There are 2 protein chains.
Amino acid sequence: MTNISKEDYLRVIYKGIEETGVVNPTMVAVHLNISNAAVTDMIKKLKREKYVSYNPYKGIQLLQKGKMEAIRLVRRHRIWETFLYQIVGIPWYEIDEEAENLEHSSSDNLIDHLERILNYPEFDPHGHPIPKKDGKIPRQKKCFPLDQIKIGNSGIIQKVNDHSKEFLFYLFNSGLLIRKKIKVIDKRNFDGSIIISVDNKELVLSDKISKNIFVEKIK
Amino acid sequence: MTNISKEDYLRVIYKGIEETGVVNPTMVAVHLNISNAAVTDMIKKLKREKYVSYNPYKGIQLLQKGKMEAIRLVRRHRIWETFLYQIVGIPWYEIDEEAENLEHSSSDNLIDHLERILNYPEFDPHGHPIPKKDGKIPRQKKCFPLDQIKIGNSGIIQKVNDHSKEFLFYLFNSGLLIRKKIKVIDKRNFDGSIIISVDNKELVLSDKISKNIFVEKIK
DNA sequence: TAAATAATTTAAGTGAGCTTAAATTAATTA
DNA sequence: TAATTAATTTAAGCTCACTTAAATTATTTA
């Protein structure tokens, strides 16, 4: 048994919209690693309770109530990540899974305390904005997935979109950290991989990796 | 639905034994606020999985496996309480309920980090010992419930056994904190209440209150 | 020691959140 | 546009952790 909560569904829907603009039940099922039938059930419930609107084949939308809940959860998650990283000293590539556990079991009051201790940070260690208590989301720098940067151009890593331990551990060991400057040296069209330089070293990145690294363009 | 976990049962059994020496299903049901029948079910399961031994009307015992699990949970709980109090700044009378949420969703690794930050504390803010990683429990000062202290004698508050917000809030506002020195001025036999002095003020405490305050005797 | 009381167990049932398999519906492609 | 493919829903069923009510068993008390 998995026992995923309503909150998890809302978070996945929210992040799906944030990242790809549209979310359908299959995407939710894949992300939560459950059957489509289970998602159908839960969407019915979320719809009945006015968290989402939904039309088959047209995608799921968050209604006011659902968006608020999702943002509250995302806030809790990202504040925990920042706290675990900055105060507790958990490594960058482990904070996501710890935060995922804690986010469901912390009161708003506790989260506000953590935020104060951190001095009201605007971004988490992966570069994602931390929603304020009132739901406002800090403005992000305009940035692009690394695979869209042209040969010869440079950028600063501002965000990573995949939070799996393996992916982040790889980036960590390659020195591909937030705020690092990189330059695109070459691209291989046949497999989409990309050659970049960081810290005067050259690295070959698969398209799967480069699609999940977001950089701010610089001259 | 309440959905109390196996861990909660073990914790209640452990603390029951710690405090009164013996635990039966009814006590567990009362503490967890569920029906006796639910406890019967779970005890069957805990027994089958070798966490506890049990004979009707004879009480529940923790087996090695169950004791280890319970101690692990108690450790997590008390380290969180200490962390929330010392590092996060949550008030004394609120840490128990926050910790109760967090204790189920933190890895051993996270707990070890918190313990290090706290410099390996031996007691939590309520005066209870924090089990070490290896399961060892720090030695406590010999102490007695306040209602057993004789008139004219003094003591130092070392532990409180009721962690409810209302109880602790009352103690907090009366200045009855851990390490405080108190003296028993008088007792009323007809209702078991007791008059003590703390910080040069006199207080009347019901027997329900004084039974939950543990003091170390001093001359 | 029999009756009263208290503790415990059994029985039947509920709701949440899943599962798989089959059926339906929509979108895409030949 | 018909056939194929993909997305979605329905149906039936499972487990878990509860519930209440009734039955049983042990302990206590008169």
Side-chain angles (χ1 to χ4, degrees), chain A residues 1-17 19-62 65-66 69-70 73 100-101 103-105, chain B residues 1-14 16-17 19-62 66 69-70 73 100-101 103-105:
Chain A
M1 183 157 300
T2 342
N3 247 53
I4 289 159
S5 73
K6 200 157 68 182
E7 280 184 335
D8 289 294
Y9 285 86
L10 292 173
R11 174 172 50 78
V12 167
I13 295 166
Y14 178 82
K15 292 191 79 177
I17 292 171
E19 281 165 27
T20 69
V22 67
V23 182
N24 59 35
T26 304
M27 289 164 70
V28 175
V30 169
H31 271 87
L32 294 174
N33 197 30
I34 54 176
S35 69
N36 282 19
V39 177
T40 297
D41 275 4
M42 181 57 89
I43 287 175
K44 262 186 206 155
K45 198 176 157 188
L46 292 173
K47 204 174 165 179
R48 200 173 24 200
E49 296 173 11
K50 305 253 190 290
Y51 286 98
V52 303
S53 67
Y54 170 60
N55 295 99
Y57 302 91
K58 303 288 179 196
I60 308 162
Q61 273 84 41
L62 285 172
K65 189 178 169 190
E69 270 297 300
L73 189 67
E100 202 143 322
N101 297 327
E103 65 189 6
H104 296 294
S105 31
Chain B
M1 182 158 297
T2 341
N3 247 54
I4 290 159
S5 73
K6 200 158 69 183
E7 280 184 333
D8 289 293
Y9 285 87
L10 292 172
R11 174 172 49 79
V12 167
I13 295 165
Y14 178 83
I17 293 170
E19 282 165 28
T20 70
V22 67
V23 182
N24 60 34
T26 304
M27 289 164 71
V28 176
V30 169
H31 271 87
L32 294 175
N33 197 32
I34 54 176
S35 69
N36 282 19
V39 177
T40 297
D41 275 3
M42 181 57 89
I43 286 175
K44 261 185 207 155
K45 197 174 158 189
L46 291 173
K47 203 173 169 180
R48 196 166 7 140
E49 296 174 11
K50 305 254 190 291
Y51 285 98
V52 304
S53 68
Y54 170 61
N55 294 99
Y57 302 92
K58 303 286 179 198
I60 308 162
Q61 273 84 39
L62 285 174
E69 269 296 299
L73 189 67
E100 201 142 323
N101 296 327
E103 66 190 5
H104 297 294
S105 29

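Residue numbers start from 1 in every chain, and the chains themselves are labelled A, B, ... in the order their sequence lines are given, proteins ahead of strands. All values derive from a computational prediction rather than experimental measurement.
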Participant: Which residue, B:Tyr14, B:Tyr9, B:Tyr51, forms the side-chain contact (heavy atoms from CB on, under 4.5 Å) with B:Glu69?
Facilitator: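 That would be B:Tyr51; it is the only one of B:Tyr14, B:Tyr9, B:Tyr51 passing the side-chain contact (heavy atoms from CB on, under 4.5 Å) with B:Glu69.
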Participant: Which nucleotide in the list C:dT9, D:dT8, D:dC18 gets nearest to the side chain of B:Asn36?
Facilitator: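 Selected nucleotide: C:dT9.
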Participant: Contact between A:Asp8 and A:Arg11 at the side-chain level, heavy atoms closer than 4.5 Å - yes or no?
Facilitator: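 The answer is yes; the side chains approach within 4.5 Å.
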Participant: Tell me: CE of B:Met27 to C1' of C:dA6, nearest whole Å?
Facilitator: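 Distance check: B:Met27 CE to C:dA6 C1' gives 15 Å.
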Participant: Within a strict 4.5 Å, meaning less than it, do heavy atoms of the B:Thr20 and B:Met27 side chains meet?
Facilitator: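 Side-chain contact under 4.5 Å: yes.
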Participant: Nearest-Å distance, CD1 (A:Ile34) to C1' (C:dG17)?
Facilitator: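 So the two atoms are 9 Å apart, to the nearest Å.
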Participant: Let me know, please, whether B:Val39 or A:Met42 comes out on the 5' side of the other along DNA chain C by nearest nucleotide.
Facilitator: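 Closer to the 5' end of DNA chain C: B:Val39.
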Participant: From the list C:dT8, C:dC18, C:dT20, which nucleotide is the closest neighbour of the side chain of B:Pro25?
Facilitator: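 Output: C:dT8.
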Participant: Of all heavy-atom pairs between B:Val52 and B:Leu62, which one has the smallest distance, and what is that distance?
Facilitator: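 The answer is CG1-CD2, 3.9 Å.
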Participant: Taking only the side-chain nitrogens and oxygens of B:Thr40, find out if one of them lies under 4.0 Å from OP1 or OP2 of C:dT8.
Facilitator: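 Answer no for this pair, as no side-chain N or O of B:Thr40 is under 4.0 Å from OP1 or OP2.
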Participant: Classify the nucleic acid contact of A:Lys44 as base, sugar-phosphate or nothing, counting any heavy atom under 4.0 Å across all strands shown.
Facilitator: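 Result for A:Lys44 = sugar-phosphate.
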Participant: With sequence neighbours left out, write down each residue that passes side chain to side chain contact (heavy atoms under 4.5 Å, CB included) with A:Ala29, or none if nothing qualifies.
Facilitator: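 Per chain and number, A:Ala29 pairs via side chain to side chain contact (heavy atoms under 4.5 Å, CB included) with A:Asn36, A:Val39.
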Participant: Heavy atoms under 4.0 Å, any strand shown: does B:Lys45 hit a base, just sugar-phosphate, or nothing?
Facilitator: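 Here B:Lys45 touches the backbone only, sparing every base.
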Participant: Nearest-Å distance, CG (B:Asn33) to P (D:dA17)?
Facilitator: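 Taking atom P of D:dA17 as the reference, CG of B:Asn33 is at 18 Å.
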Participant: Would you check if the side chain of B:Lys6 reaches a backbone N or O of B:Lys45 as a donor-acceptor pair within less than 3.5 Å?
Facilitator: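 Such a contact is absent between B:Lys6 side chain and B:Lys45 backbone.
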Participant: Can you check the A:Leu32 CG to C:dA16 P distance for me, whole Å?
Facilitator: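 Value for this atom pair: 19 Å.
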Participant: When you check every protein heavy atom under 4.0 Å of nucleotides 24-30 of chain C, what one-letter string (B, S, -) results, 5' to 3'?
Facilitator: -BSS---
Participant: Side chain of B:Asn24 only, heavy atoms from C-beta on: which candidate in D:dT10, D:dT19, C:dT8 is closest?
Facilitator: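 Of D:dT10, D:dT19, C:dT8, C:dT8 is nearest to the side chain of B:Asn24.
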Participant: Does C:dA7 have its OP1 or OP2 closer than 4.0 Å to a side-chain nitrogen or oxygen of B:Tyr54?
Facilitator: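 It does not, given that no N or O in the side chain of B:Tyr54 lies less than 4.0 Å from OP1 or OP2 of C:dA7.
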Participant: Can you measure A:Lys6 atom NZ to C:dC18 atom P for me and round it to whole angstrom units?
Facilitator: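 Going from NZ in A:Lys6 over to P in C:dC18 covers 13 Å.
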Participant: How many whole angstroms separate atom CG of B:Asp41 from atom P of C:dT14?
Facilitator: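 Checked: the CG to P distance equals 17 Å.
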Participant: Scan A:Thr26 against the nucleic acid and name what it touches under 4.0 Å (heavy atoms): base, sugar-phosphate only, or nothing.
Facilitator: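 Since only primed, P, OP1 and OP2 atoms lie under 4.0 Å of A:Thr26, the category is sugar-phosphate.
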Participant: Given atom OH of B:Tyr9 and atom P of D:dA17, what is their separation to the nearest angstrom?
Facilitator: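 Rounded to whole Å, this separation is 8 Å.
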Participant: With sequence neighbours excluded, what pairs up with A:Lys47 under the salt bridge (Lys or Arg N to Asp or Glu O under 4.0 Å) test?
Facilitator: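 Once residues adjacent in sequence are excluded, A:Lys47 has no partner under the salt bridge (Lys or Arg N to Asp or Glu O under 4.0 Å) criterion.
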Participant: What is the distance, rounded to the nearest whole Å, between atom CD of A:Glu49 and atom P of C:dG17?
Facilitator: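 Atom CD in A:Glu49 sits about 9 Å away from atom P in C:dG17.
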